[in-house]
Amino acid sequence: MDVMTHSSTFLLPGNDHSSSVTYALVVLNQRLPRFTPILWDHAQVRACADGGANRLFDEMPLLFPRDDALDVRHRYKPDIIKGDMDSIRTEVLDFYTNLGTKVVDESHDQDTTDLHKCVACIRDFAPNLDKSNLCILVAGALGGRFDHEAGNINVLYRLSTTRIILLSDDCLIYLLPRTHHHEIHIQSSVEGPHCGLIPIGMTSVSTTTTGLQWDLTNTEMRFGDLVSTSNLVQGEKITVQSSSDLLWTISIKKV
């Protein structure tokens, strides 16, 4: 079985576009993580999902308290605003439209979330983006209403062939598809040590790990019984093999 490697280098300063990974960023309508400017610098396409544009407009200047707010808003202009447009404020929409941001109104589609709409747009329609090793970073994906969080997690499963990472100030989440063995390279300066492996929607009949304080060895996990939460990373590399898709989550340090 092929090995899929993972690393949170996108949390580290620097925008080395020579990297083999092509990053895109989606901003959702929750509080911006403090490291959003770092994610922005790594990304080659930046999209706001509907009310995420309000967050970018209101909160990005707060991350640069010594800079003029208007200058910050001009520097951090999204390429795309997409969604059902029921949350974005008129003055925010007008501001970014005047700067040349592309606006896509998907109000006719009420069967997918705004995150789903943005990921599909980036994945399918961004013409100049190398999609061979695309990874979509989602800022503001966790926190707030639980049904929104559940909807965002569902996008990981619905679009499981695309690498998508959900981020908040406190943690990140992404899917480990059962089609691969996984190597997770820990960036210990910015993440850990708390972590978890969680099956959703099906039982993991067998999961085996290395590199955790409480490793699993052909262990069955399911809701209503054992799931690996509040675990701890022990080294710089974690390996995971599982009979089912798992969510990987790890804490993000306050640095």
Side-chain angles (χ1 to χ4, degrees), residues 1-2 4-6 8 10 21-30 39 43-52 78-87 104-127 129-168 171-182 184 196-205 207 221-223 227 240 242-250:
M1 188 175 290
D2 291 339
M4 182 179 291
T5 61
H6 310 265
S8 300
F10 52 82
V21 180
T22 300
Y23 291 109
L25 174 65
V26 176
V27 177
L28 299 188
N29 191 12
Q30 284 294 331
L39 305 180
Q44 296 185 38
V45 172
R46 298 100 174 187
C48 288
D50 193 4
D79 301 298
I80 306 163
I81 299 173
K82 186 170 184 177
D84 56 16
M85 299 303 173
D86 62 349
S87 300
V104 182
D105 185 340
E106 292 275 344
S107 55
H108 62 279
D109 177 9
Q110 294 297 311
D111 292 329
T112 59
T113 65
D114 287 338
L115 173 58
H116 190 140
K117 294 177 176 72
C118 283
V119 170
C121 180
I122 292 169
R123 188 185 62 176
D124 298 334
F125 300 112
L129 197 65
D130 179 7
K131 304 181 185 68
S132 60
N133 201 8
L134 176 63
C135 180
I136 298 177
L137 310 172
V138 186
L142 305 167
R145 281 171 42 189
F146 177 70
D147 60 327
H148 284 167
E149 292 181 311
N152 294 337
I153 290 170
N154 190 46
V155 171
L156 301 183
Y157 285 82
R158 292 191 68 177
L159 303 177
S160 61
T161 59
T162 300
R163 291 199 191 204
I164 304 169
I165 302 177
L166 307 181
L167 294 133
S168 73
C171 69
L172 62 81
I173 299 174
Y174 52 82
L175 189 71
L176 303 180
R178 64 183 179 275
T179 53
H180 291 74
H181 293 168
H182 297 274
I184 303 167
L197 285 164
I198 304 168
I200 289 185
M202 66 180 72
T203 297
S204 172
V205 175
T207 297
M221 293 194 296
R222 60 184 175 86
F223 273 92
V227 294
V240 181
S242 183
S243 62
S244 74
D245 298 342
L246 297 175
L247 293 179
W248 166 256
T249 183
I250 189 168

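Heavy-atom basis, side chains included; hydrogens, waters and symmetry copies ignored. Quick note: residue numbers are just sequence positions, from 1. From a predicted model like this one, the values you see are computed outputs, not experimental measurements.
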Inter- and intrachain pairs under salt bridge (charged side-chain N to carboxylate O under 4.0 Å, His left out), touching residues 136-147, at least two apart |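 Residue pairs with at least one partner in residues 136-147: R145-D147.
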Which residues satisfy the salt bridge (charged side-chain N to carboxylate O under 4.0 Å, His left out) test with D79, sequence neighbours excluded?
->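 If we apply the salt bridge (charged side-chain N to carboxylate O under 4.0 Å, His left out) test to D79, skipping adjacent residues, there are no hits.
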Counterpart residues, salt bridge (charged side-chain N to carboxylate O under 4.0 Å, His left out), relative to R163 (two or more places apart) =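 So R163 forms no salt bridge (charged side-chain N to carboxylate O under 4.0 Å, His left out) with any residue.
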Side-chain heavy-atom pair [X], [Y] within 4.5 angstrom cut-off:
{"X": "I122", "Y": "V26", "answer": "yes"}
{"X": "Q30", "Y": "L28", "answer": "no"}
{"X": "T113", "Y": "H116", "answer": "yes"}
{"X": "S243", "Y": "R178", "answer": "no"}
{"X": "L167", "Y": "L137", "answer": "yes"}
{"X": "L172", "Y": "F10", "answer": "yes"}
{"X": "I184", "Y": "W248", "answer": "yes"}

Go through the steps for I136 and V119 under the test side-chain contact (heavy atoms from CB on, under 4.5 Å), then give the verdict.
-> CA-CA 7 Å; I136 298 177; V119 170; 3.6 Å; yes
Apply side-chain contact (heavy atoms from CB on, under 4.5 Å) to the pair L39 and V27, showing each step before the final yes or no.
-> CA-CA 10 Å; L39 305 180; V27 177; over 6 Å; no
List in chain and number order the residues that pass side-chain hydrogen bond (donor to acceptor under 3.5 Å, both in side chains) with [X], two or more places apart in sequence or in another chain; answer none if no residue qualifies.
{"X": "H6", "answer": "H182"}
{"X": "D105", "answer": "S107"}
{"X": "H181", "answer": "Q241"}
{"X": "S168", "answer": "none"}

Nearest-0.5 Å distance that lies between atom [atom1] in [X] and atom [atom2] in [Y]:
{"X": "C121", "Y": "I81", "atom1": "SG", "atom2": "CD1", "answer": "12.0 Å"}
{"X": "S8", "Y": "I250", "atom1": "OG", "atom2": "CD1", "answer": "6.5 Å"}
{"X": "L246", "Y": "L175", "atom1": "CG", "atom2": "CG", "answer": "8.0 Å"}

In sequence, state the C-alpha distance, the side-chain angles, and the governing distance for L166 and L115, and then conclude on side-chain contact (heavy atoms from CB on, under 4.5 Å).
-> CA-CA 10 Å; L166 307 181; L115 173 58; 4.1 Å; yes
Heavy-atom pair of closest approach, residues C48 and C118 |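 Looks like O-SG, 3.8 Å.
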Identify the heavy atoms of R123 and L134 that sit nearest to each other, and give their distance.
->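 Taking every non-hydrogen atom into account, CA-CD2, 4.3 Å.
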Sequence neighbours excluded and cut-off under 3.5 Å, please list the side-chain donor-acceptor pairs for residues 196-205, or say none.
| from | atom 1 | to | atom 2 | distance (Å) |
| --- | --- | --- | --- | --- |
| S204 | OG | T207 | OG1 | 2.5 |
| S204 | OG | S242 | OG | 2.9 |

Assess whether side-chain contact (heavy atoms from CB on, under 4.5 Å) is satisfied between L176 and L247, documenting all intermediate values.
-> CA-CA 6 Å; L176 303 180; L247 293 179; over 6 Å; no
Could you list the donor-acceptor pairs under 3.5 angstrom formed by side chains in residues 149-159, with sequence neighbours left out?
| from | atom 1 | to | atom 2 | distance (Å) |
| --- | --- | --- | --- | --- |
| E149 | OE2 | G143 | N | 2.7 |
| N152 | ND2 | A141 | O | 2.8 |
| N152 | ND2 | H148 | O | 3.3 |

Taking the side chain from K117 and the backbone from T112, do they hold a donor-acceptor pair closer than 3.5 Å?
->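 Indeed, once roles are kept as given, a pair shorter than 3.5 Å links the two residues.
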For S87, side chain to side chain contact (heavy atoms under 4.5 Å, CB included) partners two or more places apart =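 Applying side chain to side chain contact (heavy atoms under 4.5 Å, CB included) to S87 gives N29, D50.
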